[in-house]
Amino acid sequence: MHLFKMRIKTQGSIKKTQLLCAFVLEDSNKITGLPKFDTKTSSSINQSLKDMRGKLGKLTIIPISGKKQAQRILLAGIGKKENLTNDTVRFVSGKIAQKARELQLKEFSIITPPTFVCDSILSVSQIIEGSKMSLYKFEKFKTEKTNKSPDLTIIVSKSDKISKAVKVAEAVAEGAIFTKSIANLPPNECTPTTLANFAKDISKKNKMKCIIISQPELKKKGFGGITAVGKGSKNEPKLIVMEHNHGSKTQKPIVLVGKAVTFDTGGISLKPGQGMDEMKFDKCGGCTVLGIMKSVSELKLPINVVGIIPSVENMPGGEAYRPGDIIKMYNGKTAEILNTDAEGRLILADALAYGEKQYTPKAIIDFATLTGACIIALGNNVAAIVSNNEQLTKKITNSSKTTTEEIWELPLTQDYMDMIKSDVADIKNVGIGRAAGTITAAAFLKSAIKDTPWVHVDIAGVAWTQGAATKEKPYNPKGATGFGVRLILDYLQKL
Ligand SMILES: [Zn+2]
């Protein structure tokens, strides 16, 4: 997988640059960090500042004549001081980077905002994430590719903490970009085997243990959910496992599980044709786990993390599983199939039970484009979470505030667990009608594990941009968003 290169460095003072960018607050008459210019230049900068008024996301370019440090000044509005969020600098940096590319520049410089906007370490992280992620384009299948990305210099006083922040932010952004690049692949170019090969590649590069469990072994070991769903496709299912062991031997790992249905037709319970192409994104949860594992191993985080990705293609066919079937899951429970389009919970339940049994983890977090009901409940900018543990939920929520990948918790009480009881098997793979669809799906997952702290993240609404309902962000161009990569990397770094 080719990732575009963008060189990033920091500098304590401004040297010659094609584009020097400064953040300005709304209705402010001050610009922090610009060098001293002659009277004529200063007055034209001030006039531009008055005209643009620092509105959020507004960019103004002022050409500078003569031999100056900068060929152009760019003023970037960050809006009102009271409306600043943890996303403001990231969002605006993305707009700046796209502008620099549009101007076909070789490089550009950004002055970190004053510390009341955000502290310099956070600023540096947000500038890097925003710029890098905004310059990514999915153009693997385009004959003509975009010009090279411009390099970035961040103007900030140097320190060890800043150098570390740069390294971390680059790895985090690259993890998210990696996730987007794979998730955007079309279904004919990305099967469970392709995903397994990506896992092998990153594991080899970064010295992780990688185990791929294939069809005969899946069947033999009793992965009834994965086997049943995978039966309809000639692209055989895989269970992908990556181990990053950088903590002590006695330290329990964090297990990350991601749903990777490389294409979801719905199976025998076939989906309607309209928008079915988007079902290539049903692998986004697995892609998120791949991106996280890539960054975790590159950063050599001093912890133990296991990534588990059940991957299948859900197709109708002579061999496909049917509504009415009763299957035996990995944990020994039987499940009645009432809708073959509710396949995600079947493969996830197997993977969750395997993760708990094999690793006795400290916590399990899973990502899945699981239910359309999640979009009805929360729309396309907030992911639903369901959990069995308050402390773990609190930690994930805190990380969500830092990364601004928004989440909202839904309840999971015994009443919901009762909704998946079956007349003929232990449980069934749908709830009661359409009621609380996101929660009854989560109830199915909960039934697979015992008492390990667990958070389930339903990313059906947020994993890829879905028309006007998705808020436009420069760092989330059309296609997969990489939702969850930054969130979990933040959580893992704080452990
Ligand atoms: Zn489905």
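In listed order, ligands and their atoms are each counted from 1. It should be emphasised that the depicted structure is a prediction, and the values quoted were computed from it without experimental measurement. Numbers for residues simply follow the sequence, beginning at 1.
- Under the ring-ring contact (aromatic ring centres under 6.0 Å, His included) criterion, H456 pairs with no residue at all, not counting sequence neighbours.
- In this model, no donor atom of one side chain and acceptor atom of the other lie less than 3.5 Å apart for N86 and T402.
- Counting only distances under 2.8 Å, and ignoring water, the protein N, O or S atoms around the Zn ion (ligand 1) are D264 OD2, D341 O, D341 OD1, E343 OE1.
- Listed by first then second residue, pairs satisfying salt bridge (Lys or Arg N to Asp or Glu O under 4.0 Å) with a partner in residues 385-402 number zero, not counting sequence neighbours.
- Between the side chains of W464 and N184, no donor-acceptor pair of N or O atoms lies under 3.5 Å.
- Between R90 and E129 there is a salt bridge, since at least one side-chain N of the basic residue sits less than 4.0 Å from a carboxylate O of the acidic one.
- Judged as a ring-ring contact (aromatic ring centres under 6.0 Å, His included), and not counting sequence neighbours, the contacts of F223 are Y330, Y354.
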